[in-house]
Each structure stands twice: as C-alpha cells, then as structure tokens.
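In the text below, chain A, chain B and the rest are named by the order of the sequence lines, each starting its count at 1.
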2 protein chains.
Amino acid sequence: MTSSAFDISTSAPDAAPEFTPRQEAVLAHALTLLVEGGEKALTTAGLARTANCSKESLYKWFGDRDGLLAAVVAFQASKVHFPSEAGATADAQTFRRHVTAFVKELLTVLFGESSLALNRLSISNSTREENRLGNLLLVRGKHMISARARSLLEAGRHKGLLKFDDPEEAYQILYGLAVRDIHIRLLLGDTASAAERDLDAQAATAVDQFYRLYGA
Amino acid sequence: MTSSAFDISTSAPDAAPEFTPRQEAVLAHALTLLVEGGEKALTTAGLARTANCSKESLYKWFGDRDGLLAAVVAFQASKVHFPSEAGATADAQTFRRHVTAFVKELLTVLFGESSLALNRLSISNSTREENRLGNLLLVRGKHMISARARSLLEAGRHKGLLKFDDPEEAYQILYGLAVRDIHIRLLLGDTASAAERDLDAQAATAVDQFYRLYGA
DNA sequence: AAAGAACCGTACCGTACGGTTCGTGTTGGT
DNA sequence: ACCAACACGAACCGTACGGTACGGTTCTTT
C-alpha cells in the first residue's frame with residue numbers, strides 16, 4: 001500500500017487542494033524544472049536544491065515522488081480558469097465572439113509550455129495501470145474544459161444560433177477544427193508555423209468552419 | 001558526442017534501414033515490451049532475456065539504448081504502408097471512397113497500440129534538445145502520411161471534386177475532423193467510446209463534413 | 001576438419017536516484 | 001527566556017539500470 005500525503009481521489013474535483021504558499025512556490029519550481037528538462041529533470045534532490053527546501057519536507061508534504069507529480073498537475077490545473085459565459089443577454093454577434101474567445105483560450109492553454117510539459121509527463125506515465133496522472137489531467141483539465149464548452153454550445157443552440165444533436169459531438173468537431181494535429185506535433189517537439197502561432201486567426205477560421213457545419 | 005551504430009540522419013528517409021531478420025525479431029520483442037509496459041519496461045537486460053539475445057549484441061547492433069529506441073521507431077514506421085491511389089481513372093464516387101479508406105487507415109494506424117506506444121515514447125523523450133525520436137517519428141510517420149494525403153487531395157482538386165487553396169491546410173482539417181481529441185485522450189490512457197471504435201463510421205462522417213467544407 | 005566470426009549467458013562495475021535518518025538552526029507561542 | 005515544532009542540509013542506504021568484459025557455444029567459410 002503506497003500511501004501519499006496528497007491523495008487526489010479523496011478530494012472533490014472542483015475543490016482546490018489548498019496548498020500552502022510555501023508548497024505552491026515549491027510546486028512552481030517543480031513545474032519550471034519539468035518545462036525545461038522533462039520528467040527526468042525533476043529529481044527530488046534537484047527540486048530541493050532549486051527550491052531551497054529539504055527532501056524531508058518534500059516527502060512530508062507530498063508523500064512520495066508520484067504524489068509530488070500529481071500535486072504539480074493539480075496545482076497547475078487549478079490555475080487555469082475559463083471565464084464563464086456572460087449569460088443569455090447576448091445576441092448572435094457577441095455569442096460568436098464568445099465562442100471564438102473560448103477557442104482562442106483553449107489554444108492558448110493547450111499550446112502553452114506548462115500544458116505541454118504536463119501532458120508529456122502524464123502521457124509518459126499513462127502506461128501502468130492505476131494511472132493517476134493521466135486520469136488527473138483528464139478530469140481536472142479536459143473534462144472541465146469540455147463541460148464549459150458544452151454549456152456554451154447548448155446556450156447557442158437554445159438561442160437558435162446553432163444546430164446539432166449531441167453537444168459533446170459538436171464540441172469535438174470544434175476542437176478538431178481548431179487543434180488539428182498541432183497539439184501532437186508540439187508534444188513531439190515540433191515547432192508551430194508562423195500562421196499556427198496566430199491564435200486569433202486560427203480561432204476565427206475554426207469558428208468559421210464550425211458555423212458552416214453547425215450554424216443554424 | 002554520442003555515437004550510435006544506427007544513425008538515421010545519414011540514411012535517406014525512404015530507404016529501409018535494412019535490419020537483419022534476427023535484429024527485426026529483437027526489435028519486435030522490444031516493441032512488445034514497449035506496448036505492454038511503456039518505456040521503463042524496456043530495459044536492456046529485460047530485452048536480452050525475452051528476446052534470447054545477449055546485451056553485448058544489442059550494443060553491437062544499436063550502439064546504445066537511444067539507438068535501440070530509434071531503431072524500434074524506424075522499424076515500426078517502415079512497416080506502415082498506405083496504399084497508393086489507384087490513379088486518375090476514378091470517378092467521383094470511387095475517389096470519395098478512396099478518401100474515406102485513407103481516413104480509416106489513418107485512424108487504424110493512429111489508434112493502434114503500437115503507434116500509441118511509440119508516440120508515448122517519443123513524446124516522453126521530446127524534451128531534450130537534439131531530440132531524435134520525436135523528429136524521427138515526425139519524418140518517418142506523420143510527414144509520410146501527410147505527403148500521401150496531399151497528393152490524394154490534389155488529385156481530387158485536379159478532377160474538380162474538391163476546392164481549396166493549400167493542400168496542407170485541407171489535409172489538416174480532414175485530420176482534425178477525423179481525429180478530434182481522441183488521439184490525445186488515448187495517449188493519456190483514456191479508452192475510446194464504442195462509437196469512436198467504429199472507424200468506418202468515424203471516417204464516413206469525417207469525410208462527409210470535409211466535403212461540406214471543401215467539396216466543389 | 002580446422003579456423004574464425006558471431007553470438008549467447010552471466011557476472012560485474014559505476015552511477016544516478018528514490019527514500020530515510022540525523023544534527024542543527026530557526027521561529028513562534030507561553 | 002524556554003520549549004516545542006518545524007524545516008534545512010547533508011550524509012547515508014538500497015536498488016535499478018546502462019554499459020562492459022569474458023568464457024563458452026554455434027554457425028559459416030574454406
């Protein structure tokens with residue numbers, strides 16, 4: 001039985017894990033190490049050195065190395081917040097702007113170095129059964145975002161601006177139109193083209209095509 | 001300077017690395033280990049044991065562990081072959097069938113356990129500079145496929161069946177419509193839904209939507 | 001049949017890292 | 001001023017794995 005001081009399974013998905021500021025500072029250092037050098041660059045000794053804390057504190061706070069990694073994922077996920085939709089007062093133009101802004105925010109998060117590093121980390125640990133990290137990233141990252149997207153799209157359908165049967169299916173199409181293969185290419189170490197870095201334009205064209213498929 | 005007996009950069013992208021049958025058998029065992037347990041399950045000692053060869057031979061053939069990993073990637077990539085298009089004799093219906101078949105083949109390869117394992121491997125090693133594995137997978141996998149797709153789509157445009165400016169851009173949209181977020185979810189250890197496992201239906205709907213965007 | 005190359009199995013070495021323990025200092029409460 | 005809790009840093013241990021060396025075996029070539 002490997003027990004960890006930080007057990008995500010006992011905390012509600014939307015409840016912040018409530019790290020102390022000191023712990024958050026350490027986790028920020030851990031994230032920096034991950035972004036710079038990948039998982040093997042994040043050693044307990046190295047983190048203790050760069051964060052000016054002791055290994056003993058790390059193990060006291062996070063249980064073991066896996067708990068530390070899970071804490072980094074949860075910590076970073078807690079910092080990503082998609083703005084809630086303004087409400088039902090929006091007309092067609094502002095709704096479409098909301099959708100475009102959502103897509104741009106999605107791409108901004110997804111293509112950020114922190115997100116890429118954590119996705120790489122979770123993916124490389126997604127082989128063993130009882131895979132905490134992958135599930136953690138899915139439930140605290142993707143599922144949150146997709147729930148947010150579904151409510152946004154359903155609002156558009158309710159106003160007669162969009163037409164689809166399954167909100168999840170519609171969201172997946174929007175995701176595919178916006179992300180294409182860029183995410184996997186970035187994860188593999190490729191660099192985005194100049195056009196792909198213009199997230200405003202990318203979001204606009206994706207939403208344009210989405211409307212041609214699902215506009216009312 | 002880390003030298004390896006297997007240096008992919010000196011071989012043409014379309015030239016088979018020409019492993020001996022014995023070496024290919026060992027690489028097949030290595031791939032099995034990777035699929036079952038991820039990168040950390042592929043140890044030199046473990047591979048020597050399961051493949052009934054000596055560690056000395058592994059180092060003689062592949063230089064070092066990185067060379068072994070690169071050889072596994074190159075070996076598996078060499079086994080994936082997309083059928084070339086039948087030619088210019090096709091009418092609109094059969095051309096569309098060709099596109100659909102291409103998409104289905106793409107999904108079959110991408111969602112296969114071997115591809116997922118190698119993608120996980122390359123991604124987890126895509127942090128260090130001079131990243132061989134990620135580039136290797138991109139060059140011998142994705143770029144091959146996208147070249148094949150571009151020529152297919154351009155044939156369709158030439159026949160007046162499709163309408164687009166940039167073949168690469170059109171292919172990316174087709175990719176996004178077909179793959180959506182399924183690839184990244186599978187990489188993270190999620191399981192595809194029943195509908196997502198029906199690759200024929202997935203390919204059909206993706207091509208349908210693609211035609212609504214790019215059909216002439 | 002003899003020579004030589006290739007290869008297997010195993011034992012071995014060095015290192016890196018996860019995890020533990022301990023001595024010392026620092027801080028905050030009474 | 002005293003004490004208890006906390007945490008820093010360093011030393012230490014066990015293990016796992018990459019890489020090497022070597023003796024014995026099989027297969028090929030002449």
Below the 4.0 Å mark, does [N] have OP1 or OP2 next to a side-chain nitrogen or oxygen of [X]?
| X | N | result |
| --- | --- | --- |
| A:Thr43 | C:dA16 | no |
| A:Arg22 | D:dC8 | yes |
| B:Ser57 | C:dC7 | no |
| B:Trp61 | C:dC7 | yes |

For this session: Count the heavy atoms belonging to other residues, nucleotides or ligands that lie under 6.0 Å from CG of B:Asp165, then report whether that count exceeds 12.
Result: no
In whole angstrom, what separates [X]'s [atom1] from [N]'s [atom2]?
| X | N | atom1 | atom2 | value |
| --- | --- | --- | --- | --- |
| A:Leu42 | C:dA16 | CG | P | 17 Å |
| B:Lys60 | D:dC22 | NZ | C1' | 15 Å |
| A:Asn52 | D:dC6 | CG | P | 21 Å |
| B:Glu56 | D:dG24 | CD | C1' | 12 Å |
| B:Arg65 | D:dA16 | CZ | P | 16 Å |
| A:Leu47 | C:dG18 | CG | P | 10 Å |
| B:Asp66 | D:dC17 | CG | C1' | 14 Å |

Problem set entry | Aromatic ring pairing B:His183/B:Phe111, orientation class (parallel under 30°, perpendicular over 60°, tilted between) | tilted
For this session: Verify whether one side chain among A:Ser126 and B:Arg120 offers a donor that lies under 3.5 Å from an acceptor in the other.
Result: yes
Exercise. A:Tyr214 and B:Gln209: side-chain donor and acceptor closer than 3.5 Å?
Worked result: yes
Exercise. Do the non-hydrogen side-chain atoms of A:Ser124 and B:Glu39 ever get within less than 4.5 Å of each other?
Worked result: no
For this session: Would you mind reporting whether B:Glu24 and B:Lys79 have side-chain heavy atoms less than 4.5 Å apart?
Result: no
Exercise. For the side chain of A:Asp64, counting heavy atoms from C-beta on, which of C:dG19, D:dG19, C:dG9 is nearest?
Worked result: C:dG19
Exercise. On a plain distance test, is the side chain of B:Lys55 in donor-acceptor contact with the base of C:dG9 below 3.5 Å?
Worked result: no
Exercise. What bend angle does the helix from C:dA1-D:dT30 to C:dT30-D:dA1 show across its length, from five-pair end axes and to the nearest 10 degrees?
Worked result: 20°
